[in-house]
Amino acid sequence: MNIAVCDDLPEYREKLKALLNPYISANQLDIAEFCRGEDLLDACEKGVLWDIAFLDIEMDGLTGIETGKRLRKLQRDVIVIFVTSHINYVSDAFRQDAFQFLLKPVKEEDFRKDFERALRVWKNRRRRYLVKWRNTSNMLEYRSILYLEAYHRHVFVHTAEADYECVGKLQDEYSKLKPFGFVQCHQGFIVNMSRIVSITRLSVKLDNGNEVPVSRRHYAGLISDFNLFMAGKMI
């Protein structure tokens with residue numbers, strides 16, 4: 001599991017590493033330090049994928065807010081936790097889809113609660129979903145799934161790489177998928193919230209460019225569940 005700690009002050013990087021230390025062995029954490037947002041983004045552009053990124057908001061050069069915004073474009077599903085000394089940055093942080101906001105000096109109990117919540121979200125995203133069709137079984141990572149579509153008595157599971165078919169009811173599949181960040185946006189569609197980039201009253205746009213319809217009946221629930229999901233509360 002790749003963790004990025006980005007802060008221009010070494011004492012704060014050391015503090016976060018000390019708080020992460022009890023989790024290293026059990027979760028196979030690989031922690032990388034950065035003193036500039038530009039360096040973190042450069043590593044990402046070279047192929048390093050971050051699972052969780054701790055970003056100080058006030059840094060020389062790129063701020064943590066701008067770093068988080070650019071990081072999201074490179075890697076949509078990264079869990080971003082902002083760290084700062086000033087509470088007035090909270091609204092800016094959450095506008096960037098922050099998972100959480102930690103105020104310096106970071107208290108051990110606050111860190112434990114939020115990091116363990118982030119771990120649960122990360123692990124849930126990597127569990128697998130079984131799709132059976134005739135004599136074939138496919139195990140799909142939840143994060144690879146874009147959306148599910150009902151057609152007659154069949155359900156089609158769409159990923160960026162391929163589509164899979166199974167016999168069943170959409171509501172049965174939704175009961176399996178809801179705990180892992182999926183939401184029903186239409187009578188015939190379930191969408192993976194980690195793949196959503198924008199929502200209107202008529203459709204959901206996904207990170208691969210696909211659009212999925214939104215019904216009037218499901219719009220309010222979609223918005224409510226998506227806001228909870230982005231705040232890390234649907235676990």
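Below, all heavy atoms of this structure are taken into account, side chains as well, without hydrogens, waters or symmetry copies. Computed from a predicted model, the values in this text were never measured in an experiment.
Heavy atoms only, all atoms of each residue included: Tyr129 and Val157 are closest at CE2-CG2, 4.1 Å. Minimum interatomic distance between Cys185 and Leu222 (heavy atoms only, all atoms of both residues): CB-CD2, 4.1 Å. Contact between Ala160 and Leu146 at its shortest, heavy atoms only, is N-CD1, 3.5 Å. Nearest heavy-atom pair, Gly37 versus Leu62, reported as atom, atom and distance to 0.1 Å: C-CD1, 4.5 Å. Pro179 and Ser175 make their closest contact through CD-O, 3.7 Å (heavy atoms, listed as atom of the first residue, atom of the second, distance). Considering all non-hydrogen atoms of both residues, Asn208 and Asn210 come closest at OD1-N, 3.1 Å.
Note on Ile81: it does not cluster hydrophobically with Tyr12, by side-chain heavy-atom contacts below 4.5 Å among ILVMFWY residues. Under the 4.5 Å side-chain heavy-atom criterion for grouping Ile, Leu, Val, Met, Phe, Trp and Tyr, Leu148 is connected to Tyr174 within one hydrophobic cluster. A continuous path of hydrophobic side-chain contacts links Met1 to Ile24 [ILVMFWY only; heavy atoms under 4.5 Å]. Leu16 and Leu9 fall into different hydrophobic clusters, where Ile, Leu, Val, Met, Phe, Trp and Tyr are joined by side-chain heavy atoms under 4.5 Å apart, directly or via other members.
The ring-ring contact (aromatic ring centres under 6.0 Å, His included) test applied to Tyr142 returns Phe180, not counting sequence neighbours. Residues satisfying the salt bridge (charged side-chain N to carboxylate O under 4.0 Å, His left out) criterion with Asp30, sequence neighbours excluded, are absent altogether. Under the rule for a side chain to side chain contact (heavy atoms under 4.5 Å, CB included), the partners of Cys44 that lie at least two apart in sequence or sit in another chain are Trp50, Leu71, Leu74, Gln75.
You'll find the ring centres of Phe54 and Phe111 inside the 6.0 Å limit.
Side-chain heavy-atom separations under 4.5 angstrom define the hydrophobic clusters, and Met59 shares its cluster with no other residue. Alongside Leu49, the hydrophobic cluster contains no other residue (criterion: ILVMFWY side chains under 4.5 Å).
A 4.5 Å side-chain heavy-atom check between Cys166 and Lys132 finds every atom pair outside the cut-off. A heavy-atom distance below 4.5 Å is found between the side chains of Ile145 and Phe182. Taking 4.5 Å as the limit, some side-chain heavy atom of Ile196 sits within range of a side-chain heavy atom of Leu206. Side-chain atoms of Gln184 and Lys178, non-hydrogen and from C-beta on, never get closer than 4.5 Å to each other. For the pair Ile52/Phe115, a side-chain contact is recorded, criterion being any heavy-atom separation below 4.5 Å from C-beta on. Side-chain contact between Val183 and Phe226 is absent, with no heavy-atom pair separated by less than 4.5 Å.
Between Lys46 and Asp42 there is a salt bridge, with a side-chain nitrogen of the basic residue lying less than 4.0 Å from a carboxylate oxygen of the acidic one. Between Lys15 and Glu11 there is no salt bridge, since none of the side-chain N atoms of the basic residue sits less than 4.0 Å from a carboxylate O of the acidic one.
Heavy atoms of other residues, nucleotides or ligands lying less than 6.0 angstrom from CD of Gln28 number 12 at most. The environment of CG in Asp172 is crowded: more than 12 heavy-atom neighbours from other residues, nucleotides or ligands sit within 6.0 Å. Other residues, nucleotides and ligands contribute more than 12 heavy atoms inside 6.0 Å of the CD atom of Glu116. In the displayed structure, Glu141 atom CD is contacted under 6.0 Å by more than 12 heavy atoms of other residues, nucleotides or ligands.
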Check step by step if side-chain contact (heavy atoms from CB on, under 4.5 Å) holds for Val5 and Leu20.
CA-CA 10 Å; Val5 175; Leu20 286 165; 4.1 Å; yes
For Val167 and Trp133, run side-chain contact (heavy atoms from CB on, under 4.5 Å): C-alpha distance rounded to whole Å, both residues' side-chain angles, the deciding distance at 0.1 Å, then the answer.
CA-CA 7 Å; Val167 176; Trp133 172 242; 3.6 Å; yes
Worked verdict on Arg112 versus Tyr23 for side-chain contact (heavy atoms from CB on, under 4.5 Å):
CA-CA 10 Å; Arg112 182 195 61 77; Tyr23 300 93; 3.1 Å; yes
Ignoring hydrogens and angles, write down the donor-acceptor pairs under 3.5 Å from the side chains of residues 149-156, residues two or more places apart or on other chains.
| from | atom 1 | to | atom 2 | distance (Å) |
| --- | --- | --- | --- | --- |
| Glu149 | OE1 | His158 | NE2 | 3.0 |
| His154 | ND1 | Glu165 | OE2 | 2.6 |

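No donor-acceptor pair closer than 3.5 Å links the side chain of Asp56 to the backbone N or O of Cys6. A donor-acceptor pair is defined here as one N or O able to donate and one able to accept, closer than 3.5 Å; such a pair exists between the side chain of Arg72 and the backbone of Val78. Not a single donor-acceptor pair under 3.5 Å links the side chain of Asn27 to the backbone N or O of Leu29. With hydrogens and angles disregarded, no donor-acceptor distance shorter than 3.5 Å links the side chain of Glu58 to the backbone of Thr84. Not a single donor-acceptor pair under 3.5 Å links the side chain of Arg201 to the backbone N or O of Val214.
For the atom pair CG (Asp7) and CD (Glu14), the distance works out to 11.0 Å, reported to the nearest 0.5 Å.
Under the 30°/60° scheme for interplanar angles, the aromatic rings of His186 and Phe189 are found to stand perpendicular.
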